[in-house]
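Please read the structure below before turning to the comments.
None of the values given here were measured: they were computed from a predicted structure. The first residue in the sequence is number 1, and the count goes up from there.
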Amino acid sequence: MSTAPAQVTDVHAHLLLPELLEAVRRRAPEEMNNADELEHRRNGAASMRTSGEMIRDRFTRLTRLGIRLADMDEQGVDVQWVSPSPSHYYPWADEDLAVWIAREANLLVAEHIGGAPDRLLGLGLVPLQHPSRVVECAEDAILGRGLIGIEIPSFAGDVELSDERLEPFWARMEELGAIVFLHPFGCSLDERLDRFYLTNTVGQPVENAAALSHLIFAGVLDRHPGLKIVAAHGGGYLPTSIGRSDRAWKVRPEARGCERAPSSYLGQIWYDTVVHDATDLRHLIEAVGADRVVLGSDYPFDMGLDDPVEDVCGWLASQGMGEDVVRAVTGRTASVLVGTTASMSSTGSLMKGDSR
């Protein structure tokens with residue numbers, strides 16, 4: 001089996017903030033109850049019961065630093081990018097509460113990673129549903145708390161990632177050279193996915209694809225080519241099903257908001273390895289290039305990779321990927337993303353067709 005590099009980075013690992021949850025519940029009890037009802041409708045009773053049991057079983061892994069570090073050692077992970085559980089987005093929160101939530105989450109993430117600064121890097125939150133306040137909260141996370149970037153959902157209320165009101169945010173993130181980690185929570189298809197855990201197995205890839213499509217078709221990546229967007233779950237369905245988007249761009253005038261065919265933008269985005277299948281990972285690498293794929297586990301949730309280094313290295317080896325690809329995916333690319341303040345150069349990178 002292919003071996004990982006000297007430093008292995010997991011870009012997709014979560015932190016639960018129970019003190020934040022309780023504070024939000026105290027400040028907005030009615031709104032929290034409404035949000036709980038919506039989550040039950042979207043997920044269905046069976047999935048909510050199972051998820052509750054899973055969170056209880058993994059609570060210490062989601063909250064305790066020592067257990068996180070021990071798990072990393074066992075997995076062979078040297079560095080984690082720690083982001084809040086997406087359950088802390090609270091997209092329904094009014095402006096004042098949403099700004100307080102983002103700042104408090106940024107503080108709590110910074111405190112957690114501060115216990116192991118050589119092993120942990122942090123991602124904060126912003127109140128995406130209030131575009132006029134997003135930049136200040138992003139600056140609070142990155143400049144105020146020393147985090148490497150922020151985590152955002154696929155949409156928040158009526159705010160899609162193509163919303164013109166987010167232009168100052170994209171510009172500032174590009175200027176700072178900070179990470180934008182795209183991680184959906186929930187799916188707007190609602191009750192159609194309320195059984196069989198479809199809200200996750202179908203809903204998450206749909207939301208990733210929809211959010212990335214908003215960025216591409218609206219021309220966000222034309223105007224901000226230096227953005228460092230890392231998409232969870234391998235970017236969902238979009239990277240390996242991009243042909244239909246290219247066709248729409250070619251024949252439909254309303255789909256011509258971007259300068260080039262949509263597939264040409266795949267190489268401006270990074271994608272994690274939470275795809276759960278060796279063939280799917282190979283297809284992703286063929287679509288976007290090996291230097292655009294980074295190790296992710298979704299630690300410590302049950303839909304993640306329990307042994308991410310072993311799994312991903314095994315998948316790559318089974319698909320005939322060489323050592324250079326393994327090194328890029330498991331650590332080198334993530335290190336470059338964090339270590340640079342401008343968009344990653346394609347010079348010397350592993351381009352499509354060079355990865356097998």
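- Between His214 and Phe155, the distance from one ring center to the other does not fall under 6.0 angstrom.
- Of the possible donor and acceptor atoms, one in the side chain of Tyr265 sits under 3.5 Å from a partner among the backbone N and O of Arg260.
- Between the Asp10 side chain and the Ser297 main chain, a donor and an acceptor come within less than 3.5 Å of each other.
- There is no side-chain donor-acceptor pair under 3.5 Å between Glu151 and His183.
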Q) Stepwise, does the side chain to side chain contact (heavy atoms under 4.5 Å, CB included) test hold for Leu295 with Asp272? A) CA-CA 6 Å; Leu295 178 72; Asp272 78 11; over 6 Å; no
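- Inspection of the Glu39 and Ser87 side chains reveals no N or O donor paired with an N or O acceptor under 3.5 Å.
- Distance NE2/His283 to CG/Asp280: 7.0 Å, rounded to 0.5 Å.
- Geometrically, Arg292 does not engage Tyr271 in a cation-pi contact, judged by NZ or CZ lying under 6.0 Å from the ring centre and within 45° of the ring axis.
- Closest heavy-atom contact between Asp298 and Gly304: CB-CA, 3.6 Å.
- Side-chain contact of Gln80 with Arg119: a donor-acceptor pair under 3.5 Å is absent, judged by distance alone.
- Contact record, Ala255 with Phe217: O-CD2, 3.4 Å, taken as the closest heavy-atom pair.
- Taking the centre and axis of the six-membered ring of Trp100, the NZ or CZ atom of Arg27 falls inside the cone set by 45° and 6.0 Å.
- Taking OG from Ser263 and CZ from Arg247, the interatomic distance works out to 14.0 Å, rounded to the nearest 0.5 Å.
- Asp311 places no side-chain N or O within 3.5 Å of a backbone atom of Leu305 that could act as its donor or acceptor partner.
- Between the side chain of Thr333 and the backbone N or O of Ala328 there is at least one donor-acceptor pair closer than 3.5 Å.
- Defined by atom type and a distance below 3.5 Å, a donor-acceptor pair is present between the side-chain atoms of Glu167 and His224.
- A 6.0 Å sphere centred on CZ of Arg192 holds no more than 12 heavy atoms belonging to other residues, nucleotides or ligands.
- Of the inter-residue distances, the one linking Thr330 atom OG1 with Gln7 atom CD reads 10.5 Å to the nearest 0.5 angstrom.
- Follow the hydrophobic side-chain contacts under 4.5 Å out from Val99 and you never reach Ile150; the two are in separate clusters.
- Follow the hydrophobic side-chain contacts under 4.5 Å out from Ile152 and you reach Met173 in the same cluster.
- In this structure, the side-chain contact (heavy atoms from CB on, under 4.5 Å) partners of Ala98, at least two apart in sequence or on a different chain, are Ala93, Pro127, Gln129, His130.
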Q) Where do Tyr89 and Val126 land on the side chain to side chain contact (heavy atoms under 4.5 Å, CB included) test, with the steps shown first? A) CA-CA 8 Å; Tyr89 288 150; Val126 294; over 6 Å; no
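- Each of Leu212, Val180, Ile216, Leu182 was checked for a side chain to side chain contact (heavy atoms under 4.5 Å, CB included) with Leu161, and the lone residue meeting it is Leu182.
- Between Arg41 and Asp194 no salt bridge is recorded (no basic side-chain N to carboxylate O distance below 4.0 Å).
- Nearest heavy atoms, Cys258 versus Asp222: CA-OD2, 3.4 Å.
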Q: Please test Val109 against Leu123 for side chain to side chain contact (heavy atoms under 4.5 Å, CB included), starting from the C-alpha separation and ending with a verdict.
A: CA-CA 7 Å; Val109 171; Leu123 296 162; over 6 Å; no
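- A cation-pi geometry, defined here as NZ or CZ lying under 6.0 Å from the six-membered ring centre and within 45° of its normal, does not hold between Arg223 and Trp170.
- Rounded to the nearest 0.5 Å, atoms NE2 (His112) and CG (Leu120) are 6.0 Å apart.
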**Q.** Verdict with reasoning, Thr273 to Val329, per side chain to side chain contact (heavy atoms under 4.5 Å, CB included)
**A.** CA-CA 8 Å; Thr273 58; Val329 171; 3.8 Å; yes
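- Between the side chain of Thr50 and the main chain of Ala46, a donor-acceptor pair closer than 3.5 Å is present.
- Ser213 places a side-chain N or O within 3.5 Å of a backbone atom of Ala209 that can act as its donor or acceptor partner.
- Considering all non-hydrogen atoms of both residues, Val11 and Ala334 come closest at CG1-CB, 4.0 Å.
- Residue Arg68 holds its CZ atom at 5.5 Å from OH of Tyr299, rounded to the nearest 0.5 Å.
- Although no hydrogens or angles enter the test, the distance criterion places a donor-acceptor pair under 3.5 Å between the side chain of Gln75 and the main chain of Asp306.
- Each ring pair (Phe, Tyr, Trp, His ring centres under 6.0 Å) pair with one or both residues in residues 185-210, not counting sequence neighbours, would appear here, but there are none.
- Val274 and Val82 fall into different hydrophobic clusters, defined by Ile, Leu, Val, Met, Phe, Trp and Tyr side-chain heavy atoms under 4.5 Å apart, directly or through other members.
- Of the possible polar contacts, one joining the Lys228 side chain to the Leu337 backbone as a donor-acceptor pair under 3.5 Å is found.
- Salt bridge annotation for Glu286-Arg282: present, with a cationic side-chain nitrogen under 4.0 angstrom from a carboxylate oxygen.
- By the 6.0 Å contact criterion, CZ on Arg64 is open, its count of non-hydrogen atoms from other residues, nucleotides or ligands being 12 or less.
- In this structure, the separation between CG on Leu15 and CG on Leu65 is 9.5 Å, given to the nearest 0.5 Å.
- In summary, the side chains of Tyr237 and Asn208 do not present any donor paired with an acceptor at a separation below 3.5 Å, with no hydrogens or angles considered.
- Grouping the Ile, Leu, Val, Met, Phe, Trp and Tyr side chains by contacts below 4.5 angstrom, directly or via other members, places Leu147 with Leu176.
- Between Arg332 and Asp291, none of the side-chain N atoms (NZ, or NE/NH1/NH2) sits under 4.0 Å from a carboxylate O, so this pair counts as no salt bridge.
- Without hydrogens or angle criteria, Trp81 side chain to Ala13 main chain gives no donor-acceptor distance under 3.5 Å.
- The hydrophobic cluster around Phe301 extends to Leu16, Met54, Ile55, Phe59, Leu62, counting ILVMFWY residues whose side-chain heavy atoms fall within less than 4.5 Å of a member.
- Looking at every heavy atom in both residues, His88 comes nearest to Leu17 through NE2-N, 2.9 Å.
- Classified by interplanar angle (parallel below 30°, tilted 30° to 60°, perpendicular above 60°), the ring pair Phe181/His14 is tilted.
- Although no hydrogens or angles enter the test, the distance criterion places no donor-acceptor pair under 3.5 Å between the side chain of Arg145 and the main chain of Asn106.
- Closest heavy-atom contact between Ala141 and Gly149: CB-O, 4.4 Å.
- Atom CD of Glu254 sits in a crowded spot, with more than 12 heavy atoms from other residues, nucleotides or ligands closer than 6.0 Å.
- No option in Val220, Leu227, Ile269 other than Val220 meets the side chain to side chain contact (heavy atoms under 4.5 Å, CB included) test with Leu215.
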